[in-house]
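This report refers to the structure that appears directly beneath it.
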Amino acid sequence: MSSTKTISIPLVGLLLFLCCWTSTAKAAAEKEYYVKYKDPKQPISARIKDLMGRMTLEEKIGQMIQLDRENMTAEIMRDYKIGSLLSAGGSVPRFKATALDWINMFNTFQNGSLSTRLGIPMIYGIDAVHGHNNVYKATIFPHNIGLGATRDKELVKKIGIATALEIRATGINYAFAPCIAVCRDPRWGRCYESYSEDPEIVSEMTDIIYGLQGDIPQNIPKGIPFVGGKDKVAACAKHFVGDGGTIKGIDENNTVIDWHGLLSIHMPAYYQSIIKGVSTIMVSYSSWNGKKMHANRNLVTGFLKKTLKFKGFVISDWQGIDKITYPVHSNYSYSVFAGVHAGIDMIMVPYNYTEFIDILTDHVNNKRIPMSRINDAVSRILRVKFSMGLFENPWADQTFVDKLGSQGHRDLAREAVRKSLVLLKNGKNADSPLLPLPKNTSKILVAGTHANNLGYQCGGWTMTWQGLSGNNHTAGTTILSAIAAAVDPNTEIVYSENPDSELVESNNFSYAIVAVGEHPYAEMYGDSQNLTIAEPGPNVINNVCGKVKCVVLIVSGRPLVIEPHVGSIDALVAAWLPGTEGHGVADVLFGDYGFTGKLPRTWFKTLDQLPMNVGDPHYDPLYPFGYGLSTNPIQSS
Ligand SMILES: *[C@@H]1O[C@H](CO)[C@@H](O)[C@H](O)[C@H]1NC(C)=O
Ligand SMILES: *[C@@H]1O[C@H](CO)[C@@H](O)[C@H](O)[C@H]1NC(C)=O
Ligand SMILES: *[C@@H]1O[C@H](CO)[C@@H](O)[C@H](O)[C@H]1NC(C)=O
Ligand SMILES: *[C@@H]1O[C@H](CO)[C@@H](O)[C@H](O)[C@H]1NC(C)=O
Ligand SMILES: *[C@@H]1O[C@H](CO)[C@@H](O)[C@H](O)[C@H]1NC(C)=O
Ligand SMILES: *[C@@H]1O[C@H](CO)[C@@H](O)[C@H](O)[C@H]1NC(C)=O
Ligand SMILES: *[C@@H]1O[C@H](CO)[C@@H](O)[C@H](O)[C@H]1NC(C)=O
Ligand SMILES: *[C@@H]1O[C@H](CO)[C@@H](O)[C@H](O)[C@H]1NC(C)=O
Ligand SMILES: *[C@@H]1O[C@H](CO)[C@@H](O)[C@H](O)[C@H]1NC(C)=O
């Protein structure tokens, strides 16, 4: 008995010793290997604090930089600790790049970022503003003006879900969308990027953020940036604030409005975006009452960050800080000071990183910009990166490759096209509606510049920045092909881009479908002071309508001068910029579905009425905001 006891004491001691030794060694080993910021079980704030504590000024400034992918290398990412990249409109790894090309490009750059001392992954942004529109064979959805016409926020959320998947199909994790501009003047070349002139509709459409980033779980407080996993992307509400309110719709110009007007028209969609967890907000090139937004500390830091409690990061627009001065980039030192001081966290430089690094470092070393401002910027950027699980899943993989341009997404886009079309006139009088059109008839005419042009029907921000003309730039269905697929095989289709009267008169057409509108454009180039139908569109209307029953589709980013033509037109449809799925147009023209779209904007009579928005005194539109006739679908057997 006693022997057992005597033996047992050293044994217990030995066990104790072993036990203590192992746990000490384990602790030591953990101390060596355990890195708090890399531990996903730690709360995000603890991870940020730990990582920030390890970072040098150089590493912090690197996080604040976003560069375009052009001429970028993994070595630059590594050596300058660059925190973010982007693809500008049309900035692609190669012509007709596949999803795999994009993934490989992404991983090459990410490898550079992960090879740095702290291994902070980069975030990659792209203008995916109506689907993943830079990418060959992606699904192109209607531009926002068309989505505003649907009034369907559930649909818009689904488009967000689909767009996130297509973006992730190429490995990318950040979209510069949604544009929540409230366009108050259609002369602005970005008016089609705006859901509506009505702040309430724009606010509702911010539900697309739930689609892009995911639904916010119960345990995450409202207003905290949230991205729900590998099938979601960080979103960006833009452009803060008043971008759609500039004088005469001049792009990047001055928005003259009082504080109450700014708050009631241009700000509501920002409250909504923040509540819905938007990760980032992009600053507007425009000025508010003469002050450049990129230098507006009261609004960016004071109102957006302090009052609205936005916790994600604020990003500049492309060379946005360069444009604080005139001429552009003429006093870059001042630009960097003013932009960072205003509260911009990430700067879309987008090329000359050494210049930016040198200048910002100098501002910090000379205390013109306090370290607290740098820490605020970097902690916000890291918060977004942690919240989206980027440290755990930094690499692009092939999980979603088959989602790019998938049939399911094309079907969704087709539904969006159907719901976006607004019927403005149907028949010379109410008793003789022209629509829906019969599918089975002897001979029909399809005419106009926009009937057989996929590039035109997609508009700007498609494959390239300003958009393209023609059918071979990506995959999709033109309006003409959709009509051909919809009508009965017995129906003969005559197609002419620019028919003369003779062609129209010498044929016995049952009816004509005319598609005319605007040529593609995007920011800077899209402003128009005349808002006319592009040539020879007016001529096509004159040669066709009046001679044969005609339905005219206006394919455009905004209301155009149409009043002089309305009398001769039998049926008139605002088709906006529908994107790749032309079948949606035929679905409604031929009555498989009814027309349901409502004008998201006021349709003016004459240019001298502009700007004119719903609620204005002396409101005298051709078609008021909210207008839109409906048709019943034909019951097919
Ligand atoms: C990228 O490199 C090419 C070839 O050297 C050059 O022509 C182009 O200007 C560069 N682009 C930028 C943005 O620096
Ligand atoms: C990452 O870079 C290293 C060397 O810089 C290279 O050996 C490795 O293959 C790269 N990995 C990827 C996925 O590009
Ligand atoms: C607005 O446009 C006018 C005319 O082009 C120009 O002179 C002015 O500088 C612009 N203002 C701003 C703030 O961009
Ligand atoms: C840049 O702007 C700052 C601040 O307005 C001014 O002090 C400085 O002289 C300017 N530099 C140049 C080269 O114009
Ligand atoms: C970047 O800016 C620096 C400083 O202004 C200038 O010397 C250099 O030429 C610029 N680099 C490029 C590629 O433009
Ligand atoms: C289409 O019309 C032709 C001629 O009237 C007729 O022979 C044919 O059966 C019709 N087709 C259908 C599917 O109704
Ligand atoms: C489209 O076709 C035109 C004319 O046939 C050709 O010049 C162009 O390179 C083609 N573009 C693409 C993207 O294939
Ligand atoms: C014209 O077409 C209609 C049917 O669309 C037919 O009834 C009529 O006979 C045709 N007239 C001529 C002159 O061919
Ligand atoms: C209307 O304005 C656009 C854009 O400024 C221009 O390209 C076009 O030529 C103008 N059209 C007419 C008929 O003046």
Side-chain angles (χ1 to χ4, degrees), residues 68-70 86-97 125-146 175-179 181 183 185-194 238-239 243-244 246 249-253 282 284-286 317-320 322-323 328 348 350-351 449-450 452-476 478 515-535 537 554-558 560 575-580:
D68 187 80
R69 54 153 289 289
E70 188 180 333
L86 87 150
S87 274
S91 181
V92 298
R94 69 177 180 88
F95 185 58
K96 294 190 174 177
I126 194 161
D127 285 285
V129 300
H130 60 146
H132 196 13
N133 48 64
N134 279 290
V135 176
Y136 182 56
K137 289 189 173 168
T139 309
I140 305 297
F141 292 90
H143 267 299
N144 286 353
I145 189 169
F176 301 129
C179 176
C183 171
D185 192 324
R187 290 172 290 188
W188 188 36
R190 303 191 80 158
C191 205
Y192 65 77
E193 296 186 61
S194 166
K238 67 187 188 182
H239 310 81
D243 50 351
T246 57
I250 299 172
D251 194 35
E252 307 185 6
N253 210 260
M282 190 186 292
S284 180
Y285 286 126
S286 58
D317 208 330
W318 176 276
Q319 291 181 331
D322 309 48
K323 294 185 182 185
V328 175
M348 201 184 285
Y351 297 122
T449 41
H450 288 60
N452 186 30
N453 196 315
L454 195 62
Y456 285 4
Q457 108 194 13
C458 290
W461 295 112
T462 309
M463 301 305 124
T464 63
W465 181 34
Q466 296 291 322
L468 295 164
S469 171
N471 291 338
N472 63 350
H473 305 290
T474 193
T478 63
V516 294
E518 292 184 300
H519 294 163
Y521 56 79
E523 56 181 329
M524 291 165 77
Y525 298 92
D527 290 357
S528 169
Q529 294 296 319
N530 60 49
L531 297 179
T532 49
I533 294 169
E535 297 296 338
I554 305 291
V555 179
S556 69
R558 50 195 161 187
L560 300 178
W576 315 116
L577 298 168
T580 49

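Excluded from the calculations below are hydrogen atoms, water molecules and symmetry mates; all remaining heavy atoms, backbone and side chain alike, are included.
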Please list, chain by chain and in numerical order, all residues satisfying side-chain hydrogen bond (donor to acceptor under 3.5 Å, both in side chains) with [X], sequence neighbours excluded.
X: N134; result: none
X: S87; result: Y124
X: T478; result: S481

Exercise. Could you tell me whether the side chain of K96 reaches within less than 4.5 Å of the side chain of H473, counting heavy atoms only?
Key: no
Excluding sequence neighbours, so at least two apart, what forms salt bridge (charged side-chain N to carboxylate O under 4.0 Å, His left out) with [X]?
X: R69; answer: none
X: D317; answer: none
X: K323; answer: E252

Determine the interplanar angle of the H130 and H143 rings, folded into 0 to 90°, and report it as parallel if under 30°, tilted if 30 to 60°, perpendicular if over 60°. parallel
- Side-chain ion pair, R187 and D251, N-O less than 4.0 Å: no
Partner of E523 under side-chain hydrogen bond (donor to acceptor under 3.5 Å, both in side chains), picked from Y285, W188, W465, is W465
Rounded to the nearest 0.5 angstrom, the CD1-CG distance for I126 and N133 is 7.5 Å
### Message
Within the supplied structure, the quantity of interest is the number of heavy atoms (other residues, nucleotides, ligands) at a distance under 6.0 Å from Y525 OH; does it exceed 12?
### Response
no
